[in-house]
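Reviewing the structure listed below.
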Amino acid sequence: MLGSPFTADQAQALEALVAGMTPEQRAWLGGYLAGLQAAGLGAAPAALPQAPAAGPAAPAPPEVTVVYGSQTGNAAGLARRLADRVRGAGLAASVHSLGDFEARQLRQAQRLLLVTSTQGDGDPPDNAIAFRELLQSRKAPRLEHLRYAVLGLGDSSYEHFNQTARDFDTRLAELGATPLHPRAECDLDYEEAAAAWIEAVVAVVAADAAPGGPVPAGPAAASAPPSAAPAYSRTHPFPAEVLDNVELHGRGADRSTRHVELSLAGSGLSWEPGDSLGVFARNDQGLVELLLRAADWDPATPLEGGAPLGPALAERYEITVLTRPMLAKIAEVTGSASLAALLRPEREADLRAYLAGRDLIDLIQDHGLRGVPARDLVAALRRLPPRLYSIASSPAACPEEPHLTVRLLDYQAHGRPRRGVCSSHLASLAPGDTVPVFVQSNPNFRLPADPAAPVIMIGPGTGVAPFRAFLEERAEAGAPGRNWLFFGDRRFRTDFLYQTDWQRWRQKGVLTRMDVAFSRDRAEKVYVQHRMLQHGRELYAWLQDGAAVYVCGDEKRMAPDVHEALAGILMREGGCDRDAAEERLSQMRRERRYQRDVY
Amino acid sequence: MSERNGHAAGAGAGGGGPTGGPRPAGPPSDAERIKSSSRHLRGTILESLEDPLTGAVRPDDAALLKFHGTYQQDDRDLRDERRRSRLEPAYQFMVRVRAPGGVVAPAQWLALDGIARTAADGSLRLTTRQSFQMHAVLKWDLQRTIAMVNQTLLSTLAACGDVNRNVMCNPNPHVSALHAQVYEHARALSEHLSPRTAAYHEIWVDGEKVVDSRGIPERAGTGEAPAARPHGPGGDDEEPLYGTTYLPRKFKIGIAVPPSNDVDVFSQDLGFIAIARGDRLTAFNVAVGGGMGMTYGEPATYPNLAELVGSCTPEQLIAVAETVVAVQRDFGDRSDRKHARLKYTIGDRSIEWFRDELHRRLGWELAPALPYAFESSGDRLGWTDGADGRHHLTLLVENGRLRGRALDGMREIARIHDGDFRLTPNQNLIVARVSRGKRARIEAVAREHGLTAGEGQSAMRRGAVACVALPTCGLAMADAERYLPHLLDRLDPILADAGLSQAEIVVRMSGCPNGCSRPFLGEIGFTGKAPGRYNLYLGAGFSGDRLNCLYRENIGEEEIVAALDPILHHYARERTPGERFGDFVVRAGYVQAVASGKDFHAAAERGRAALA
């Protein structure tokens, strides 16, 4: 160490230390000292960290995430090779198909190397379609913390050569990410060009990872926590932006269920799995106009307080449901004889039959109320109530993004099509629209506190919504407890709500088992309770192991049938009588091991 | 008319360059692992069929199911919207029914018709290999469907997979005595080369495994015992010929009866050409190493025509076939499935090597090939009279697809008919051996249901063949069956204008370069590149004796029409008497003559250079 500023002892010690080091250790040490220098620390630290991985001063270089979009396996093969080379350079690397690469992983990645082919005339490979949609959607995360590089495979006989690689490159940059290395566009004979790119990128990544290299901003620095968020609530709902709104049934289904993703960003609202979201809807404009015509009202008529009638009917009042008190008030102010007759105590049954499935327009037409002053009638109307939907996403996995599972109420009654106010409103919303919402806590529908406790979930139809949140939560937390889901609907092919989500969680081992009942696929109708009974012995064993049972969905038929099935299983497998079985279920309720969210 | 002089192909006769020898053996492909660990094709198929969360089977089982005669597919038109709806693809199964030589009885027809209507999508497809296909069978119905097929005494076993497939045979109804002899050989060959695994019966027919006292699964069900057969080095007790890893790739056999080359005998891995004296079968010429499939961008893959290696007696047929299969089993490439057909096994070595190996294993030598002559690869549509006083009606079935009124009509005919039905390699259908008394009635039923011999259509349309392609075929890059009729609508006026409406020009279209419609034997051939875009090939021999050559790459409909219009007119003006379109385009210099499979890509290059 000629000319060094060290004393002989120091020089000797240093030489001995450096001689025994691996190249990685040397590189790290260089960066460490440079960092100290840069930080202006004159004094030597009291103690050197023992190993690079444990060093508080310089965290381990971030893992390199290699992702691929591949149709025939070429890009996948290159991605694996690339990851091997990265590891060969002493860095950690993981490889993912873009088909399995979730938004959360993209947000967390700091070094992203993307290999993708382009199919046909500029299309992404099948497993990259969802990723492209993610990047182009409103849900695309900001990526200022990300450094990336793109390798494209294509066929120059097509006009849109390597279009997918170009699109990804452009879009990642637009989202704030910084290129590590220029994109390569390979042709059918990709070997040479791809190999050159891989070598160049590995060199850049390795240099970049050395301490003293560029320091990523880190995801935490990218977004500041919202400050002084107003307290949104049922009385002061938050206008949530719609992020996505898709049909969950396949073509040919005889029903419609929408998957609606909302944003609570900036609201300060949060929820727990099992909670519901309250949604304030508007009445359908077509129905409001029909009502105005039926009653012969001018939409501009001012109501008490001055608000015009038309918008008030759309936004404030319930016009699709009739109630007894409402009819009584209307009978009083209008003096309608026929209405008064219907309200007589001895005609209770007639009244109930009349109220079922009828709305304000029916009332006006059936009881000759056309021309009655709007103010008189509107004074009798209820405020439009919010509708509650079980939240179908976990806040841990999708912070600030509640998902709703909304089945469209759509039927024909009394000669007119009828639609659920809220479901049809939500179905009509497009990304970018807003809808007023609040969080409705549901403390009686909570995952077990013990993450190792087994869970049995029974949720046919849209009743499955909270269980999607449960599973997502348990997956995110890495909860070791087993999970068993029962789902049912009409047809496997078109009505299997969230089918690919369940499949993914089963693949990952989060969903231990799932049984399904599709009632219209076979001559004999099969429902969830039949599946429970079919697997009664195993279900009983789960209960003996301390499983908690959750039931969500239809209150009138499903919930009693499921209860009956549970009692039947306890009797059959536990060898007890009815009373004992009921007592056992009551006991489970008290222990919060039998919870229901039925409607 | 093409003639071959009867000599076996000698060194360099195929025009191939010097052989580089076989590639060094790479690691076995994943397909080999799947086969060898499948316990003779059982895998976890039963577990897969029971999984209630998916209409698909596990990927390994999907590979194994091919051997059982069914392909997992999905409706690709729905793939994207279903993904958005968080639904898996609309999985469904294509079930292929093997009928050696394409012959079925009326009762079998009626049974297949019933299955198509109840378990599939209500259509029956006749394939280019004389098999039936039913589409859109759901996983939950698969066992029932295949069991029903077996009840008809037909089978789906080995309709797909790395084994010998359906043995094709000229359906020749005109010389019925000869057909009977040749057909009997096709049937025996098909049976002899069938896999022996008991897995098929366990899974589909019995549903339960039959275990004998030694605990070894026994072939169950029909009571027919597998032919006892000493097994070679690759075989084992359950599969004497195939062993645990079966063949490296699919294997195709076809038997042609000159002058018809409807089976495209040179496109087969193993082709036999029947040699007859009068109506007595005397010998078979043996041709090896044909195959259509290739992969874009991989010049080491190419379509190839089989080469003659000699002849054998009818009695020797099975021994020759089994030995050819065994050579391919032992030498075929098990590392790269794109390079695993017999044509590459031979192409990487030499035809002489192959013949020596064959002779060594047989313990005797093939006789020299015998003279023969092919005239055409097409069908004779309409009524013909057989030598035995019976009548035959060859119906045109566009792209082999029967549904709706046409399917109803065939059901009616099957209820009346006392002969048999024969599927042709051109996807047409022969109502064969119609007795005199029933001719008029069958004629009337056919006419009533729109079943015709293609009267009034252009000859090009009558002879055109397309594969299924989109939306169900997983390999397809473009439409074929759904698109070819439309393209022909564009070409028909050009043909009429050029006076070529009755000129027989062979048109073949496949949705990918794997070649199910044998596109490289089209005088005009198309292979899909992307939706709406095709490679255009020209210049195959009319009777299937020369491959075509790439003329335009990756073009759309307008370019196709613009390219063909002047060539068709040119052909109409300047063809010599009897000159076929495929020969003309070579003579006129539109494309180069392709001398052999190995010349396929080079010829296209020469063509490009010549034009430049």
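Keep in mind that the numbers below use all heavy atoms, side chains included, and drop hydrogens, waters and symmetry copies. Convention: sequence-line order gives letters A, B, ...; per-chain numbering from 1.
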ask   = Does any non-hydrogen side-chain atom of Arg76(B) lie less than 4.5 Å from one of Asp126(A)?
value = no

note = Honestly, the part of Asp155(A) sitting under 4.5 Å from a heavy atom of chain B is side chain

Asp75(B), part contacting chain A, at a heavy-atom distance under 4.5 Å = neither

request  = Against chain B, label Glu133(A) side chain, backbone, both or neither, depending on which of its atoms sit under 4.5 Å from a heavy atom there.
outcome  = side chain

Among the listed options Pro52(B), Ala478(B), Pro531(B), the residue most often paired with chain A at heavy-atom distances under 4.5 Å = Pro52(B)

remark   = One should read off an interatomic distance between Arg82(B) CZ and Phe496(A) CZ, to the nearest 0.5 angstrom, of 11.0 Å

key: Within 6.0 angstrom of Arg403(B) CZ, more than 12 heavy atoms from elsewhere   = no

ask   = Under 3.5 Å, side chain of Ser85(B) to main-chain N/O of Gly250(A), donor-acceptor pair present?
value = no

key: Straight-line distance of Trp140(B) CH2 to Arg493(A) CZ, nearest 0.5 Å   = 10.5 Å

query = Checking Glu553(B) against chain A: side chain, backbone, both or neither under 4.5 Å from a heavy atom?
reply = side chain

remark   = The interface call for Tyr498(A) against chain B, heavy-atom contacts under 4.5 Å, is both

ask   = Do Thr500(A) and Arg83(B) touch side chain to side chain, with heavy atoms closer than 4.5 Å?
value = no

message = Any non-hydrogen side-chain atom of Gln499(A) less than 4.5 Å from a side-chain atom of Leu53(B)?
response = no

ask   = Is any side-chain heavy atom of Arg86(B) closer than 4.5 Å to a side-chain heavy atom of Arg504(A)?
value = no

task = May I ask you to say whether Arg513(A) pairs ionically with Asp51(B), meaning some side-chain N is under 4.0 Å from a carboxylate O?
result = no

query = What's the spacing between Leu87(B) CG and Leu248(A) CG if we round to 0.5 Å?
reply = 7.5 Å

